[in-house]
2 protein chains.
Amino acid sequence: MNEEKLDSIIYFLMDKTVRISKKYSLKRLKEEGFDITIDQWVILLRIHEEEQQTQVELAKAVFKDTASITRILDLLHDKKLVRRIPNENDRRKSSLTLTSKGNSYVNHAKKVVFSIREEGIKGIDPKDIETANRVLRKMAENMG
Amino acid sequence: MNEEKLDSIIYFLMDKTVRISKKYSLKRLKEEGFDITIDQWVILLRIHEEEQQTQVELAKAVFKDTASITRILDLLHDKKLVRRIPNENDRRKSSLTLTSKGNSYVNHAKKVVFSIREEGIKGIDPKDIETANRVLRKMAENMG
DNA sequence: CATTCAATATTGATACATCAATGAACGAAG
DNA sequence: CTTCGTTCATTGATGTATCAATATTGAATG
């Protein structure tokens, strides 16, 4: 009854869909043998695409708090996927790089992540997705 | 550079926008004197609209885990907004009701929440929001 | 009636979010 | 060079999410 009421409120729908998609990704990745969350994945991919970043730069890029970055990096470090190399010029900073294990991990998981993405948007008109993206960006701008 | 890349991926955009809107709501509510998160708000409103629910029913309605419900209710209970009344017929269940403080709290906060919602979608064509809602519902269905 | 299976709520472990406070190191300005 | 303000990364406190395990109770069935 009020289920439908909530499902017509974009804030609720966003939250619900984010939770569903994170859960789904986690399950699918696990099925394919990857013990990683999507939040960890985004960080990993981002380091793969742009090595030698500092944590502040990384935080800006993925729009997360530096505190979150520290903790996610700790987990990726425990999994031997990422290394923090102390910066030569500025001893406060560390440059982030993937280990060789991290590199091959990204290359293998990439295919899985892409297919998960496709599964989630199957049957939706790309034009509508573009519209949704525009709406989301505008909302972020309004409140950010 | 890759900032734009991420901002064209609907999964990332949803996650980012959800985080921004939660942060924004929290700040705005605090400014108006309400010490509550939006997640707590949704639970509170839902109990207001439909009293005597069990936690399982509530969980289904707002699409959260019963574990999350337990913890959010603990916080609302600490704030003296919600009561758990043991069910007469089935001693496993409890029926949820608002305290009188909870009731007036909802009535006052409602206006603030509605105006926060408006602020977030300002300048967006309602048709586009409907499209976004459709997209989100379909994604949830695909992965749920 | 007793055994067994299912439902309800809670709790523990882990992951991620926020904000606030910290320590260390840099940079500029006296 | 010393002081002062800023930046970087980390940590602590708190809120929410997940999954798994538990205790309690109800219901069904032999």
Side-chain angles (χ1 to χ4, degrees), chain A residues 12 14-30 35-44 53-60 62-79 82 84-96 143-144, chain B residues 12 14-30 35-44 53-60 62-79 82 84-96 143-144:
Chain A
F12 177 79
M14 284 194 299
D15 189 41
K16 174 176 166 179
T17 307
V18 164
R19 266 158 33 224
I20 287 180
S21 79
K22 289 199 177 185
K23 200 166 154 180
Y24 184 71
S25 311
L26 189 62
K27 194 194 76 180
R28 292 279 292 108
L29 281 164
K30 177 170 280 179
D35 178 29
I36 196 176
T37 67
I38 4 81
D39 292 290
Q40 290 168 28
W41 163 257
V42 171
I43 301 300
L44 206 56
Q53 288 168 104
T54 68
Q55 296 184 202
V56 168
E57 287 163 353
L58 181 56
K60 266 181 197 136
V62 301
F63 213 82
K64 285 180 190 293
D65 205 77
T66 57
S68 299
I69 298 290
T70 291
R71 280 153 189 150
I72 293 177
L73 286 176
D74 287 344
L75 295 171
L76 292 173
H77 182 259
D78 291 348
K79 293 179 182 169
V82 163
R84 280 183 254 226
I85 297 170
N87 187 298
E88 298 281 316
N89 308 327
D90 187 338
R91 258 176 299 169
R92 290 169 308 177
K93 302 181 183 176
S94 52
S95 343
L96 303 170
M143 307 166 106
Chain B
F12 177 80
M14 284 194 299
D15 188 42
K16 173 175 166 178
T17 307
V18 165
R19 269 160 30 224
I20 287 180
S21 80
K22 290 200 174 182
K23 198 165 155 181
Y24 184 71
S25 310
L26 189 64
K27 193 194 77 180
R28 292 280 291 106
L29 280 165
K30 177 169 280 179
D35 177 28
I36 197 177
T37 67
I38 4 80
D39 292 289
Q40 291 168 27
W41 163 257
V42 172
I43 301 300
L44 207 56
Q53 288 169 104
T54 67
Q55 296 186 201
V56 168
E57 287 163 354
L58 181 56
K60 265 180 200 138
V62 302
F63 213 82
K64 286 181 191 290
D65 204 77
T66 57
S68 300
I69 297 291
T70 292
R71 279 151 188 152
I72 293 176
L73 285 177
D74 287 345
L75 294 171
L76 292 174
H77 180 77
D78 291 348
K79 294 178 180 170
V82 163
R84 279 182 253 228
I85 297 169
N87 187 297
E88 300 281 316
N89 309 326
D90 187 338
R91 259 175 299 170
R92 291 169 305 178
K93 304 181 182 177
S94 52
S95 337
L96 303 169
M143 308 166 106

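Letters A, B, ... mirror the listed sequences (proteins, then strands); counts begin at 1.
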field: Rounded distance in Å - CD (A/Gln53) to C1' (D/dA9)
entry: 15 Å
- request: Indicate, with a heavy-atom threshold strictly under 4.0 Å, whether A/Ile69 touches base, sugar-phosphate, or nothing.
  value: nothing
message: In whole Å, I'd like the distance from the CG atom of B/Leu73 to the C1' atom of D/dG15.
response: 14 Å
query: Rounding to a whole Å, what distance do you find between A/Lys30:NZ and D/dT18:P?
result: 14 Å
query: Atom CZ of A/Arg19 to atom P of C/dA17: distance rounded to whole Å?
result: 15 Å
message: Please confirm whether the shortest side-chain N or O distance from A/Gln55 to OP1 or OP2 of D/dT10 is below 4.0 Å.
response: yes
- prompt: Is the distance from OP1 or OP2 of C/dC16 to the nearest side-chain N or O of A/Thr37 less than 4.0 Å?
  reply: yes
task: Look at the side chain of B/Arg84 and the base of C/dT8, then say whether one donor and one acceptor between them are separated by less than 3.5 Å.
output: no
query: Can you find a donor-acceptor N/O pair under 3.5 angstrom joining the side chain of B/Arg92 to the base of C/dA9?
result: no
task: Quick one: label B/Leu26 by what it contacts on the DNA or RNA (base, sugar-phosphate, nothing), any heavy atom closer than 4.0 Å.
output: nothing
query: In whole angstroms, how far is the C1' atom of C/dA15 from the CD1 atom of A/Ile38?
result: 10 Å
query: So what does B/Asn89 hit on the nucleic acid, given a heavy-atom distance under 4.0 Å: a base, only sugar-phosphate, or nothing?
result: sugar-phosphate
- prompt: When the nearest nucleotide of DNA chain C is assigned to A/Arg71 and to A/Glu88 on a heavy-atom basis, which residue is associated with the more 5' position?
  reply: A/Arg71
message: Nearest heavy atom decides the nucleotide; on that basis, is B/Leu75 or A/Ala67 closer to the 5' end of DNA chain D?
response: A/Ala67
task: Report yes if at least one side-chain N or O of A/Ser68 is closer than 4.0 Å to OP1 or OP2 of C/dC16; otherwise report no.
output: no
- prompt: Taking atom CG of A/Asp39 and atom CG of A/Leu44, what is their separation to the nearest 0.5 Å?
  reply: 12.5 Å
task: Drop me the distance from B/Leu76's CG to B/Ile36's CD1, to the nearest 0.5 angstrom.
output: 6.0 Å
message: Counting only side-chain nitrogens and oxygens, does B/Lys23 get under 4.0 Å of the OP1 or OP2 atom of C/dC19?
response: yes
Polar pair under 3.5 Å, donor/acceptor by atom type, side chain A/Arg91, base C/dG27: no
Rounded distance (Å) that lies between atom C1' of C/dA15 and atom CD1 of A/Ile36: 13 Å
message: Is there a side-chain contact between B/Lys64 and the phosphate of D/dT18, meaning an N or O under 4.0 Å from OP1 or OP2?
response: no
- prompt: So does A/Tyr24 have more than 12 non-hydrogen atoms from other groups sitting under 6.0 Å from OH?
  reply: yes
Spacing of A/Asp90 atom CG relative to C/dA25 atom P, expressed in whole Å: 10 Å
- prompt: Does the side chain of A/Thr54 come within less than 4.5 Å of A/Arg92's, by heavy atoms?
  reply: no
message: On the nucleotide C/dA9, are OP1 or OP2 found under 4.0 Å from the side-chain N or O atoms that B/Ser94 carries?
response: yes
message: As an exercise, state the distance from CZ of A/Arg19 to NZ of B/Lys64, rounded to the nearest 0.5 Å.
response: 4.5 Å
